[in-house]
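Okay, structure first, notes after.
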Amino acid sequence: MPVAQALRSVFRHRHHATAAQLREKLRRFRDLVEHNDRVLELIADAGEKLGGEYVFDNKYLRDLADRLRESVHEVVADLNAISSSRYPELAAALAEIDAAVTAALECRLVVPEAPWVLPLADISTEQIETVGAKMARLGEVHGQIGCRVPEGFVVTTHACREFLESAGVLARVEALRTRFADGDEGLEDEARRIREEILSAPVPREMSRAIRHAVTSLVRPGEEDVLLAVRSSGPEEDGELSFAGQYETLLGVSTDGVCDAYRTVVASLFSPGVLRYQRRHQVPPGCGFMAVGVLRMVPARASGVVYSVDPAAPERNVLLVSAARGLGKLVVEGGGPVDRLEVSRDPGHEVVSARVGMKERMFVAVPGRGAVPEAVPDEERGTLALAPWETAELGAIACRIERYMRSAQDIEWAIDHAGRIYVLQARPLHVAPIERTADRDLTDLGERYPVLMRGAGEIACRGIGSGRVRIVSDPDALPVDIRPGTVLVARAATPRLGGLLGGASAVITDLGSATGHFAAVARDLRVPTIVDTGIATRTLEDGAVVTVDAEDNVVYAGRVEELLHFELLERSSFQSAAEFRVLRRMLRRIAPLRLRDPTDPEFTAKRCATYHDVIRFAHEKAIAELTDIGWVKTSRGVSYVRRLELPIPLDLVLIDLGGGFRTDTDRKVASPGDILSRPLLPVLEELTAAGVWETAPTSMDLDGFMSSATRSTPLTGVMAARPEQNLAIVSGEYLHLSLRLGYHFNIVDTYLGEASADNYIYFRFAGGVTEVARRSRRAALLKRILERHGFVAEGRGDLVVGRIKGLGAEAMEERLRMVGRLIGFTRQLDIHLRTDRLVDDYVARFMGGPTAAERDDAPERGQ
Amino acid sequence: MSTPTEILVLDDEPLVCERLKEHLEKKDYRVEVFTESQKAIDRLSAKRFDVVITDLKMEGPNGLEVLRFVRDHSAGTQVIVITGYGSMDAAREAEYSGAFGFVHKPFRAKTLEAMVRKAARQARKLMERAAR
């Protein structure tokens, strides 16, 4: 290895004490960079696996976690060696990330230390593990989006863990999880026992005191009592799986009933319906701890649900609104007629169509009795519950939340007597992908198979299912289980019916709405479902074989093979498959980069929340350590560390390993003329050329800049080279160049000697200030340019690595000049890469562009 | 239309079986999946498949044994071997023992589909030749 040889020979001869330290630091730094690259590659690779094109298994996930952990720990060990363990807090942060990744892999949730209760106003999605998904989102809807939400607080997952421990069931919950993983049958009985014990266990005294204290804070002066909603905020709820309606939510709870309600909600983690659901999705029971939201109930004049798109026809430009008078129970549970409106998604949100439901009943909250049905006054029964301006406001809210959350939304809302709209819940709306529906050539099916029903009701989940009809007319006498493949035909679309969905091939109901809980569960399970037909239980015959076409809303007699085949072709369920869910959850603690700006006071070891943060932090600090001004000062008498004086605003520290630059002068700074390092000369020649540094720092467009993560650095400072960040370790034949230009990191590691076999260039580019699309364009561009120059180039996410070796000296110099030019060229590139087509233009420009020597007199050549 | 291509998938990871079944059935293949190799071998004794996709490392008879069984008992049937990390040598061995090809986990479904398509064509060709 020529570099090692060079290092050895240099240090053998001079500066013995410090040289040994320097040698070790440099060795460690090279090691750090190598592992850093490895981690970035693994992250990019894992992200790619999420797209659905790959087949992978648990072993891949375990290997991924192992390899990541190993490399990240190496990075940290290297930083410790370079910095004499200056960042002890990094170990603690890393241990926490390790634990979280392992927990995600094992389908567990880590329960972070937290207070028993947290006010809703203070929480966001970052605290998802503490407050559960539902409450975290509600906190975000309030805090970030500015929507009105009920006042309230969350009893944290940490509290739940303590409660389960004091109830003496924690170990058994763990055991249940293991048995589930082992495919053990008969878990229902154990889950039932756990549930019963939870229901009879007292809430620990301190915790109940904290809860009561928080409840008191919800009572306003002059109020005797308030009614509360006690809502589950489960580990998976509202995340990748909706679990809609599977956990308990209690309405109309009085202040002294909160602890009882809390128990009930926590116990619902172990209810039979939840178990069935978990089994179906391979989520181990009790895989997390339940956070519970306690919210003031909105004295609702009307309530309901809004879908930001129509799940049955996502291409239509409408929002779906369902509204009932009083509480929203009728809408989400599908127990009676409600108003149905289609509202334009365009600003103004005009009503496109409205169907008035004959609303004979409504639910109101009654202290001590929860949600109680009441008759709707005659004159209000046949009128819409919402005024047009209210629907418009609701539409605006839904679109705002959708934009922020970047996915279609299913939002529960309530409006009080003063006309104020409250968001009670917002979760992703699962929409089946629209595919080649138009390709179906099944036009004559109606002639070949008797049509039993057509166009009745609404499609709640698209798809095709066939099987024997099982009619369930009494919602209170549900069968325990149904034969797999049954077409379930029910009177009402109640959440409890959801527990039977696992085995059903299709479902049709008389009542209910496509916006209810039941419909959400059906979509999770991808069970083709038609609701609100009004006639299904009367029209279909128990035991008859039918085919339900929930694409075109038709029910045929018999088994229609053509349709079932079509369904098979269209089916795509990868996103909710177990391994994808696990990978997504692992990546949450691996991939996101929060520590971006090293000048931010928050750029600390303690703030590292992901592996990406850790390596970013370590890389930054390692460079800082090597280029430390104090270090340079202490080596003032040492001739092998010099600042390089350049005609460009680039502060570069040179460290000589021997023969890299002239050390026989008395000056404290080196000038370009002093440089002897063979590989550094061609790189500098192009890098310092006029033109590369002429672009004004503020020439980036504001969009490009603003779309990057929020940061406090002023615009003018972004592109200026930061002092003490740039380092060249050189010998006569070797160069290690670490350059930080704005938010770009460039590393060039190269050896250029007489023997071609020893020569190599490693070029690495990382970082960037703009949004993902432009970064990937930049990666594509760099990759293409490097490949055209004979490099083996890999571009993944933020990182491009190019390698070339075995070239003769002349070819090496040519490539190194190209690298110098490329570093300058890309300095602001991503800011300009607004379209894919520009990539071609820039590649052409770069390939055909003049070199430094030609720049002054030669016209630009075309490609 | 010719008769559908019959595929047997064997992998002790149910996830892999499930995903392969899903992807291959979309392409009109008829797919049977097994997570235990002995059961797969029993099935292979009873029915002829065009293509067998098998994992290498499994409890009971491993992928190579399945491969040998197919070679000895089911003329024309092509075997594609799935390998995990670090079992490259075994994969080579499989290739030498007459596997049609191998893919490394994790792999793109499309890569496997392309290989299955070629393997199925090869299987049909050999069978037709044998029938003549």
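In what follows, chains carry the letters A, B, and so on, assigned in the order in which the sequence lines appear, proteins first and then strands, with residues in each chain numbered from 1.
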Practice item. Tell me, with the steps shown, if A:V55 and B:V16 meet side chain to side chain contact (heavy atoms under 4.5 Å, CB included). Key: CA-CA 7 Å; A:V55 175; B:V16 174; 4.1 Å; yes

Check your understanding: Going through the checks in order, is the side chain to side chain contact (heavy atoms under 4.5 Å, CB included) test met by B:K105 and A:D57?
Key -> CA-CA 8 Å; B:K105 270 191 225 172; A:D57 54 11; 2.6 Å; yes

**Study point:** Residues, nucleotides or ligands: over 12 heavy atoms within 6.0 Å of A:E34 CD
**Key:** no

Point to revise | Nearest heavy-atom neighbours spanning B:E13 and A:K59 | key: OE2-N, 3.5 Å

**Study point:** Whether over 12 other heavy atoms sit under 6.0 Å from B:K39 NZ
**Key:** no

Review point. Should we say atom CZ of B:R48 is surrounded by more than 12 heavy atoms from elsewhere, each under 6.0 Å from it?
Key: yes

Review point. Chain A heavy atoms under 4.5 Å from B:L20: which part of the residue, side chain, backbone, both or neither?
Key: side chain

